[in-house]
Every structure is written in C-alpha cells, then in structure tokens.
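In what follows, chains carry the letters A, B, and so on, assigned in the order in which the sequence lines appear, proteins first and then strands, with residues in each chain numbered from 1.
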Amino acid sequence: MPPALRVRFAPSPTGYLHIGGARTALMNFLQARRQGGTFVLRMEDTDQGRSTPESVQAILDGLNWLGIDWDEGPGKEGPYAPYFQMQRLDTYRKHADQLIAEGKAYRCYCTKEDLDAQRQVAEKAGGAFKYPGTCRERTEPPAGRNAADAVIRFKMPAGDGSVSFTDKALGTITKTHSDLDDWVMMRADGIPVYNFGCVIDDHLMDITLVARGQEHVNSTFPQLMLYQALGWTPPDFAHLPLILGPDREKLSKRKHPEADVMVHKRNGVMPEALLNFVIRLGWSHGNDEVISREQMLEWFDFSDVGTTSGVWNPEKLLWLNQQWMKQLPVETVVERLLPFLEAKGIQAKGDPRLETLVRTLRERSNTLEDIATTAANVYFRSGITLDEKAATKHLSGESLNLLRKVRETLAALPEWSVEALDGVVKQVSEASSVGMGKVAQPIRVALTGNTTSPGIGETLVLVGRDESLLRIDAALTRG
RNA sequence: GUCCCCGUCGUCUAGAGGCCCAGGACGCUGGCCUUUCAAGCCGGUAACACGGGUUCGAAUCCCGUCGGGGACACCA
C-alpha cells in the first residue's frame, strides 16, 4: 500500500490570495479530501522585503472565505509544525552545513552588485547569465571577508549529465546539467531561498505529491538536484496549467485586478461560483457546468487535469454566479445580500420583503451587488428618480389616463397582494380595451423610474401600498 | 536570446486511431413564452494552427514549421 497522500499549498505572503493560488489550493484540497490524504498549508515567508503579517492574514481570509480548509498549517499545528519557514531557520542551516561539509555546496563571496553587472553584460550580448563558478573551488574567504558574509551555493555535479522527472500532468521532462548553474540556496543571514527551503520542507513534512503552477516546472530541476545531493527520494510532481488574463498573459497582481480573490467577494460574486469557475479552468467532468463543492469532492482527480493554460472569462463567471444565486436557498442569498445593502447605508435585517426581493431580483441579476443596487434604488427609499426617456414614452398622453384609472382602482383595493394587484392590471386593460402592457408599463415607470422590473404585482407589493400610491401621484403630477 | 511547456469554435472544454463532415457550456444571434427586463425552452453561428509522414483509416501516433505561454534573481 502506498503511503497516504500528503499535499500542500505553499504561498508566499506578499499580498492578497491570488486566484491562481486559490485554484492550486482548491485542487490540492480536493485531492486530499477525496482520497483521505492530508492537505498542508505552509507559509513561505522568507522574502523579508515583501512578506507581511497582513498578507498572511489576507491569504488565510481568502481560503476561509472559499471554504478551503487545511489539515495542518497556521492555526492547526500538527506533527510537522511550525508551518512558517521563518520559524524553521535552524533546520535549513543544519542541512546547508551538512551539504558544505560534504562538498555539495559552498560559500560564495561574490557581491550582488558584481553579479548584476555581469548579468547585464550577458543579457546585452543576447545570452542568459549563468553563475561562472568564481567561488566554487575557494577554500578560504577572500582577504577582509569571512564566512558570515557568504551566501551558500549549491554545487552542480561536474561533467555531462541530465535530470529528468515524470510529471503527473506533463509527462517526462528532461534538462541537461549544462542548462543549470550553481544556484543560491541560502543568503548570508541564514534565510533560505525558495528552491532550498521548499525542498527541505517538502521532504521533512513528508509531502508525497507537489502540485503547483506550471511556472514552477523549471525550478523543479535544481530542486531535484538537491534531493539527489541529500540522498532523498523526491515526491511526485504535477504542474498545473496557468490561468491567463484576457490579454493572454499570466494572471498577475500588477496587471489584472481579477487576480485578487477578494475583489470578487467585494463585487458580489459568491464563493460557490468562483470555485466553480476556477475548477473548470483546466478540468471538466462530462458536460457538467454548475458543479457544487460536494460534486467536486466526488469527481475531481489530478489525473483529469489538462495541460493547456486557460483564459479568464468574466461573462462565464457572472453566468455561474447567477446560476448559484438561483440555486442556493433564498434565506442563504438574503443572508449574503445583507452586507451589500449595509454598505449602501441600508439596515434591512428582518425586513419581511427580503425574501421576495431576492426571489424576484436574482432572476435578473448577476451579482449580489446588482441585487443590492436595484434594491437600494427602488425598494429602500422614498421617491424615485425617473428616467427621462422612460417617462416621456410611458408617462404622457393616454398613458397618464390609464395610470389615473389604475390609481383609483388601487386606492379602493381591499387587499394588497400580488394576485389582486395583477388583477387590477387585467381589469383596467380590459375595461379600456388596451393590451396589458399599455397599463403595466406606466405603473412600472412610475414605481421604479425605468422600464424594467419584476412582475408588476410583485413590484407593487415590494414597494408597498403607501409608497406606491405616492410614486404614482408624483408621476401623475409631474411637469 | 537560451531552456521548458502548450496548440480543438472568440472563450472554457469533450475527444485517449474508425462511434466525429467533431459533442457540451459561456458569449453572440433567430424564435417561443410574455405586462417590461430577465429567467426558461427551442434553433443558429463558430474550431481540430500549418506541412509532411505512419496507417485500410488520424483531431487522436511521429517529425518539422509556425504560433502562444512560462522560466531564466541573494522573488516565490
């Protein structure tokens, strides 16, 4: 029996939760849950210039909002704690020392400035820079320097050779040693660099499968060399397709606002929809489009993930969001709508109209924000702003006469219900021998200010008796 | 520039040699329904990048070309 699956998501806390990261996390999470494995969350916070506690929190918040739970990680200390790399410095030091002692790594005294200058020259010449191995055979520090100033470099084996691995998603990939160079494992201050910390932790945390974005395939090679040097068996690897922006470039924080998981929350997209959208990028299950978390748990498998990058498609996200707004229980949607109303200064909690409002508006809205906007403009204030075009067309001439008739009938109506109200429209239209539209549209415009709304009966109920009559009066007397 | 990966409708995808003159979804679009807008239902639009092979037969296998993306840091 193979060892139980252990997968991980290892973000660097240098900003909000990235949508690509969220999908990587989701897939790892699903796979772990599905086969009873463990999903580890590890913070790779070794970039001292950019890592912040706020970012740690932002990532945690994002994952929580999406409902992606980790089995081990921050707040869930397990047997492999700690889960912040900055708390594991001793471990890295120990392994670095060992590699130096074995002649598999060495101290390098070259300055960053020097190297950058060389890199520039190389680039200008049209080639890629490779560390020339200046300090590779050095045994003593240069004059005036000491070991504490040195970064530690991995020593690539001499001679020809190649590294390869069989990626679970991409198949076998090979790279020749000559394409690799002596990379920096650890900075002078003892803080590890990505390729080093990552390997040490993945191994020590008994990770059996590393599933990450395709941008990491090239870094797999130096990592593999390290596993080899340490005498460790590397985990399996699966490199997931990238998510591209509308410009077909990798979704980046700088260029693409949609890369931030939380902007979608703020826009009124629900986690069900975002998860649903994102899981379908690079993965599918038959002809299923609206896929619940439970179904993902049942169906998702890494072996079905594709190899081609997917382009972000905002229309489909919106469509899915509406599907989910319609599919979730009304009470749930009401609950989620509340904060959006609140943001508009509306305290609607407990308002008896909320459920009807959601039931009618979710049929014609793409986001919670859309619903809130309509609600705020039409149902939670007194008076209405008339759209000029709509008013000109529907609140003039004969239309006003019809509206006056409606007003009279309405005022005398004993019961303010959808059925009764719709009955009024029918009654007036028959009495006046005009189509129902002729009667309904003027009411609609008087009530909402424009030509679109749910059914006229429902709209009247939502606006309420007194306010409806007031708005109709205002329409009748306008100008 | 070098290395790596990828290449089916505009977009997300199904397709693991004959079931495919290529299926589904979003979008766009025609119609139905209808008191508006939606929603829903029915229909339409539109793709195997190109060129060589292999094979009785290729979207599916091989090679090349072209195209796209990614990586080339003391970032992750």
message = Should the side chain of A/Glu363 and the base of B/rG40 be counted as holding a donor-acceptor pair, with the cut-off at 3.5 Å?
response =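 Result: no qualifying N/O pair found.
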Between [N] and [M], how far apart are the two [atom1] atoms, rounded to whole Å?
{"N": "B/rG64", "M": "B/rC5", "atom1": "P", "value": "13 Å"}
{"N": "B/rA14", "M": "B/rA73", "atom1": "P", "value": "35 Å"}
{"N": "B/rC28", "M": "B/rC66", "atom1": "P", "value": "38 Å"}
{"N": "B/rA59", "M": "B/rC19", "atom1": "C1'", "value": "14 Å"}
{"N": "B/rG52", "M": "B/rA76", "atom1": "C1'", "value": "43 Å"}
{"N": "B/rC62", "M": "B/rA25", "atom1": "P", "value": "32 Å"}
{"N": "B/rC48", "M": "B/rC12", "atom1": "P", "value": "16 Å"}
{"N": "B/rU8", "M": "B/rA58", "atom1": "C1'", "value": "14 Å"}

Closest listed nucleotide, where the reference is the side chain of [X] and the choices are [options]:
{"X": "A/Gln322", "options": "B/rC74, B/rG70, B/rA38", "result": "B/rA38"}
{"X": "A/Asn313", "options": "B/rA76, B/rG23, B/rC26", "result": "B/rC26"}
{"X": "A/Leu242", "options": "B/rG70, B/rC26, B/rG24", "result": "B/rG70"}
{"X": "A/Glu215", "options": "B/rA71, B/rC12, B/rG1", "result": "B/rA71"}
{"X": "A/Thr451", "options": "B/rC4, B/rC74, B/rU36", "result": "B/rU36"}
{"X": "A/Leu244", "options": "B/rA71, B/rU11, B/rG69", "result": "B/rG69"}
{"X": "A/Val311", "options": "B/rU2, B/rU11, B/rG27", "result": "B/rU11"}
{"X": "A/Arg364", "options": "B/rG23, B/rU36, B/rC4", "result": "B/rU36"}
{"X": "A/Leu281", "options": "B/rC74, B/rC12, B/rC4", "result": "B/rC12"}
{"X": "A/His216", "options": "B/rA76, B/rC74, B/rA71", "result": "B/rA76"}

Any [X] side-chain nitrogen or oxygen under 4.0 Å from OP1 or OP2 of [N]:
{"X": "A/Lys250", "N": "B/rA71", "value": "yes"}
{"X": "A/Lys326", "N": "B/rG40", "value": "yes"}
{"X": "A/Thr307", "N": "B/rC6", "value": "no"}
{"X": "A/Arg212", "N": "B/rG70", "value": "no"}
{"X": "A/Gln323", "N": "B/rG40", "value": "yes"}
{"X": "A/Thr46", "N": "B/rA76", "value": "yes"}
{"X": "A/Arg362", "N": "B/rA38", "value": "no"}

Does [N] have a Watson-Crick or wobble partner in any strand here, with both distances under 3.5 angstrom, and which is it?
{"N": "B/rU55", "result": "none"}
{"N": "B/rA16", "result": "none"}
{"N": "B/rG1", "result": "B/rC72"}
{"N": "B/rG67", "result": "B/rC6"}
{"N": "B/rA25", "result": "B/rU11"}
{"N": "B/rC32", "result": "B/rG40"}

Can [X] and [Y] be counted as an ion pair, charged N to O under 4.0 angstrom?
{"X": "A/Asp97", "Y": "A/Lys94", "value": "no"}
{"X": "A/Asp202", "Y": "A/Arg42", "value": "yes"}
{"X": "A/Lys438", "Y": "A/Glu398", "value": "no"}

Of A/Asp422 and A/Ile173, the one whose closest RNA chain B nucleotide lies more 5' =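 Final value for this comparison: A/Ile173.
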query = Between A/Ser309 and A/Arg444, which has a closest nucleotide on RNA chain B that is more 5'?
reply =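 It is A/Ser309, whose closest nucleotide lies nearer the 5' terminus.
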Could you tell me how far apart [X] ([atom1]) and [N] ([atom2]) are, to the nearest whole angstrom?
{"X": "A/Glu113", "N": "B/rA73", "atom1": "CD", "atom2": "C1'", "value": "13 Å"}
{"X": "A/Ile456", "N": "B/rA38", "atom1": "CD1", "atom2": "P", "value": "16 Å"}
{"X": "A/Gln441", "N": "B/rU36", "atom1": "CD", "atom2": "C1'", "value": "4 Å"}
{"X": "A/His239", "N": "B/rC5", "atom1": "NE2", "atom2": "P", "value": "12 Å"}
{"X": "A/Glu315", "N": "B/rG27", "atom1": "CD", "atom2": "P", "value": "8 Å"}
{"X": "A/Asp167", "N": "B/rC6", "atom1": "CG", "atom2": "P", "value": "9 Å"}
{"X": "A/Glu123", "N": "B/rA71", "atom1": "CD", "atom2": "P", "value": "14 Å"}
{"X": "A/Met186", "N": "B/rA73", "atom1": "CE", "atom2": "P", "value": "20 Å"}

Spell out, as yes or no, whether a donor-acceptor pair under 3.5 Å connects the side chain of [X] to the backbone of [Y].
{"X": "A/Arg280", "Y": "A/Trp283", "result": "yes"}
{"X": "A/Gln322", "Y": "A/Arg362", "result": "yes"}
{"X": "A/Asp45", "Y": "A/Gln85", "result": "yes"}
{"X": "A/Thr448", "Y": "A/Asn450", "result": "yes"}

Under 4.0 angstrom, heavy atoms only, what part of the nucleic acid is [X] near: base, sugar-phosphate, or nothing?
{"X": "A/Thr174", "value": "sugar-phosphate"}
{"X": "A/Ser12", "value": "sugar-phosphate"}
{"X": "A/Arg280", "value": "base"}
{"X": "A/Pro454", "value": "base"}
{"X": "A/Val425", "value": "nothing"}
{"X": "A/Gly435", "value": "nothing"}

inquiry  = Quick check: A/Phe129 with A/Tyr131 (ring centres under 6.0 Å apart)?
reply    =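 So the answer is no for these two rings.
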request  = Answer yes if the ring centres of A/Phe39 and A/Trp70 are under 6.0 angstrom apart, and no otherwise.
outcome  =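 No.
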ask   = Does a sphere of radius 6.0 Å around NZ in A/Lys130 hold more than 12 heavy atoms from other residues, nucleotides or ligands, not counting ones at 6.0 Å or beyond?
value =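 Counting other residues, nucleotides and ligands, NZ of A/Lys130 exceeds 12 neighbours.
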